[in-house]
Student: 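First the structure, which I've put down as structure tokens, then a few questions once you've had a look.
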Amino acid sequence: MRILFAASEMAPWVKTGGLGDVAAALPIALTRLGNEVKVLLPAYPGLLKDFSDAPVVAELAGLGGTLPDALLREARTPEGVGLLLIDSPALYTRGGNPYLGPDGRDWPDNVSRFGLLSRAAALLASESSPLSWKPEVLHCHDWQSALAPAYLHYLHTQPAGVLLTVHNLAFQGKFARDTLEGLGLPARAWSMDGVEFYNELSFLKAGVQFADWVSTVSPTYAREIQTDAEGMGMAGLLRGRSATLSGILNGIDETVWNPALDPLLPAPYSQAKPEGKAANKRALQKKLGLEVRDDVMLFGVVSRLTYQKGLDLLAQTEAEAALIALPAQLAVLGSGEAALEEKFSALAKRHPGQVAVTLGFDEGLAHLIEAGADCFVMPSRFEPCGLNQMYSLAYGTPPIVRATGGLADTVIDLPAGARSAGTANGFVLGPAVPPALIEAMRRAHAAWRSPALWRQLQANGMGSRFDWRAPAGQYAALYRRIRRPAA
Ligand code: ADP
Ligand code: GLC
């Protein structure tokens, strides 16, 4: 099948979270299954630099409203995935984060930046595409490309089938009503069964309304978002789509996240040869200025520091006291909300040698924490899928998670007092409150002190397969249901 992806991130060129990893790995897995995948992306500077010889294959002009004309360039990754890059210097040639300016606020022209991405996706998936390559399915990811199915509905007659994958319902791409005209949508799109959502224009709502199928990144999250408690205002709409809404658990890219082959680790290790893990722990402790000790448990965190991730629970005084008293060490890598960043920095200052906090985005350190920590902490309030708990399982670093979304679908709890691990591979807490997190950390600490039990727990994680083959097969089955070549 010919599949057009539309996404705002793709690792390693642009990544702020799991979406970047998925947009990179899923096309490779689909290609291996014999499909032809092209990924449509804004031509961010990093992409233009690495693919500086990418030829112009079309001019995107007269897109409607105030959307600027742009050039479309085509390239190919070493793995055989096509790249279609929307070259619009005015919109995409700038540094930093794809969504936020240097002041930490959304770029003021995000509506045009991602309006253009959505508009271009729709065009390429329609009868009016300037390319001879006509996809049978347009696969949109998150709000940034979710306006595409609305464009197809209002402006085109013979569109490809459209799948919208919701990676995170919390980001809905909401803009003021007066952006409708500039986006080149007709006035009649402003309605309850159009792009209007509580008196704003929402890209994500438009996608949920008009895609042929809506998927999300775990089966549990697919159920949760249909409840009023977790539907973020869209539960009713999503319930209305229950017959064409499903969850496919993400995979992990085992060429990037594999402790036996990871070039970012000082010592490789595997389930069969686990000894190297201890050397990674020492390297991590040394690098971060923690006391270099095998006999103290080390908890690790790699995360966006936002409300979603629940790490404020760990930064509270109660949890701090419990951690210090165990005693245990803590290594945090993250960036996000300023208040939480400050809390973690202060925590590290109070406990030099025992708590280390690195603010920023650091791929190498993320890998070293996954490998060097004994246990990974991820108490998310909600989690559509989550990749870090799967990386942790693969790296023999049993995770502590909340029972929500993809975390509930991947982590099996080791109950207090268990003498053997059975099928357990980590620790699960219920409510998002500090006492529940502390109880889980104490439980993990007790299990860690029992080496035979801990080895079983690690082996259960390291022995599971989380690669993309099976999920890619599930996506292919979905594509077959909705495919419709644009004429
Ligand atoms: P989300 O997409 O909600 O942030 P996921 O668990 O799906 O959560 O994916 C997060 C991805 O981003 C992982 O690959 C993780 O290693 C990476 N990541 C998050 N924060 C950082 C950071 N500060 N430095 C390096 N990598 C990070
Ligand atoms: C989102 C979610 C995360 C998921 C990722 C990739 O960022 O927050 O849970 O793993 O997308 O699908």
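In this chain, numbering begins with 1 at the start of the sequence shown. Counting convention: from 1, in listed order, for ligands and their atoms alike.
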Student: Can a donor-acceptor pair be found between the side chains of E79 and T77 at a distance below 3.5 Å?
Tutor: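 Yes, side-chain donor-acceptor contact under 3.5 Å.
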Student: Can you tell me if G386 contacts ligand 1 (heavy atom of the residue under 4.0 Å from the ligand)?
Tutor: yes
Student: For the backbone of N460 and the side chain of N425, can you confirm whether one donor and one acceptor N or O come within less than 3.5 Å of each other?
Tutor: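 It does not hold such a pair.
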Student: With heavy-atom distances below 4.0 Å as the criterion, list the atoms of ligand 2 near R304.
Tutor: 8 (O)
Student: With respect to K309, determine whether any N or O atom, backbone or side chain, lies less than 3.5 Å from an N or O atom of ligand 2.
Tutor: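 Checking ligand 2 against K309, no N or O pair falls under 3.5 Å apart.
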Student: Can you list the ligand 1 atoms lying under 4.0 Å from a non-hydrogen atom of D21?
Tutor: 13 (C), 14 (O)
Student: Nearest protein heavy-atom contact for atom 4 (C) of ligand 2: which residue, which atom, what distance?
Tutor: G386 N, 3.6 Å
Student: Considering S380, G18, A11, which one's heavy-atom position lies nearest to atom 11 (C) of ligand 1?
Tutor: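 Nearest option to atom 11 (C) of ligand 1, by heavy atoms: G18.
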Student: Which of these passes side-chain contact (heavy atoms from CB on, under 4.5 Å) with N280: L265, T397, I369?
Tutor: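 Per the side-chain contact (heavy atoms from CB on, under 4.5 Å) rule, the option paired with N280 is L265, out of L265, T397, I369.
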Student: Are R304 and E337 ion-paired here, with the side-chain N under 4.0 Å from a carboxylate O?
Tutor: no
Student: Check this for me - ligand 1, L387, N or O atoms closer than 3.5 angstrom, yes or no?
Tutor: yes
Student: Is any NZ, NE, NH1 or NH2 atom of the basic residue among D374 and K281 found under 4.0 Å from an Asp or Glu carboxylate oxygen of the other?
Tutor: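 Salt bridge: yes.
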Student: At what distance, to the nearest 0.5 angstrom, does CG of L19 lie from NE2 of H167?
Tutor: 5.0 Å
Student: So is Q389 close enough to ligand 1, meaning a heavy atom under 4.0 angstrom away?
Tutor: no
Student: Within the 4.0 Å heavy-atom shell around E383, which atoms of ligand 1 are there?
Tutor: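 Counting atoms of ligand 1 from 1, those under 4.0 Å from E383 are 3 (O).
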Student: Numbering the atoms of ligand 1 from 1, which are under 4.0 Å from a heavy atom of S303?
Tutor: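 Counting atoms of ligand 1 from 1, those under 4.0 Å from S303 are 20 (N).
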Student: Any chance you could measure I252, atom CD1, to M390, atom CE, to the nearest 0.5 Å?
Tutor: 7.0 Å
Student: Among all protein non-hydrogen atoms, which one is nearest to atom 1 (C) of ligand 2, and what is the separation to 0.1 Å?
Tutor: H167 O, 3.2 Å
Student: Heavy atom to atom 17 (C) of ligand 1, shortest distance: which of M390, E370, K15 holds it?
Tutor: K15
Student: For K15, look at atom NZ and say whether over 12 heavy atoms of other residues, nucleotides or ligands are found less than 6.0 Å away.
Tutor: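 More than 12 within 6.0 Å, yes.
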Student: I'd like to check which ligand 1 atoms, numbered from 1 as shown, lie under 4.0 Å from a non-hydrogen atom of R304.
Tutor: 1 (P), 3 (O), 4 (O), 20 (N)
Student: Numbering the atoms of ligand 2 from 1, which are under 4.0 Å from a heavy atom of V22?
Tutor: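 Going through ligand 2 atom by atom, the ones under 4.0 Å from V22 are 6 (C), 12 (O).
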Student: So for ligand 1, is N388 a polar contact partner (N or O within less than 3.5 Å, distance only)?
Tutor: yes
Student: What's the verdict on ring pair (Phe, Tyr, Trp, His ring centres under 6.0 Å) for Y391 and W257, showing C-alpha distance, side-chain angles and the deciding distance?
Tutor: CA-CA 6 Å; Y391 302 153; W257 292 97; 3.8 Å; yes
Student: Is the distance from the ring center of W13 to that of Y44 below 6.0 Å?
Tutor: no
Student: Below the 3.5 angstrom mark, is there an N/O of G360, backbone or side chain, next to an N/O of ligand 1?
Tutor: yes
Student: Using only heavy-atom distances, determine whether the side chains of R239 and S242 contain a donor-acceptor pair under 3.5 Å.
Tutor: no
Student: With a 4.0 Å heavy-atom cut-off (strictly under), which part of D21 contacts ligand 2: side chain, backbone, both or neither?
Tutor: neither
Student: Using a heavy-atom cut-off of under 4.0 Å, does the side chain or the backbone of M378 touch ligand 2, or both, or neither?
Tutor: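 Looking at M378 and ligand 2, no heavy atom falls under 4.0 Å.
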Student: With a 3.5 Å cut-off and no angle check, do the side chains of S246 and S215 form a donor-acceptor pair?
Tutor: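 S215 and S246 do not have a side-chain donor-acceptor pair below 3.5 Å.
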Student: If the cut-off is 4.0 Å to any non-hydrogen atom of E383, which atoms of ligand 2 fall inside it?
Tutor: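 Near E383, the atoms of ligand 2 are 2 (C), 3 (C), 8 (O), 9 (O).
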Student: Check ligand 2 against N168 and write out every atom of the ligand that is under 4.0 Å from a heavy-atom position of the residue.
Tutor: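 Matching atoms, with element in brackets: 8 (O).
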Student: For R32, look at atom CZ and say whether over 12 heavy atoms of other residues, nucleotides or ligands are found less than 6.0 Å away.
Tutor: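 Not buried by this count: 12 neighbours or fewer within 6.0 Å.
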Student: Quick one: nearest non-hydrogen protein atom to atom 26 (N) of ligand 1, plus distance?
Tutor: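 Of every protein heavy atom, F361 CZ, 3.4 Å lies nearest to atom 26 (N) of ligand 1.
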Student: Within the side chain of K277, is there an N or O that forms a donor-acceptor pair under 3.5 Å with the backbone of A371?
Tutor: yes
Student: Could you tell me if Y479 and N35 have a donor-acceptor pair between their side chains, going purely by distance under 3.5 Å?
Tutor: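 No - no donor-acceptor pair under 3.5 Å links their side chains.
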Student: Heavy atom under 4.0 Å from ligand 1: found in C385's side chain, backbone, both, or neither?
Tutor: neither
Student: Check if K309 has a non-hydrogen atom at a distance under 4.0 Å from any atom of ligand 1.
Tutor: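 True for this residue.
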Student: Should V217 be counted as touching ligand 2, given the test is an N or O pair under 3.5 Å?
Tutor: no
Student: Hey, is ligand 1 close enough to D362 that some N/O pair sits below 3.5 Å?
Tutor: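 Yes: some nitrogen or oxygen of D362 is under 3.5 Å from one in ligand 1.
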Student: Where does L365 meet ligand 1, judged by heavy-atom distances below 4.0 Å: at the side chain, the backbone, both, or neither?
Tutor: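 For L365, no heavy atom sits under 4.0 Å from ligand 1.
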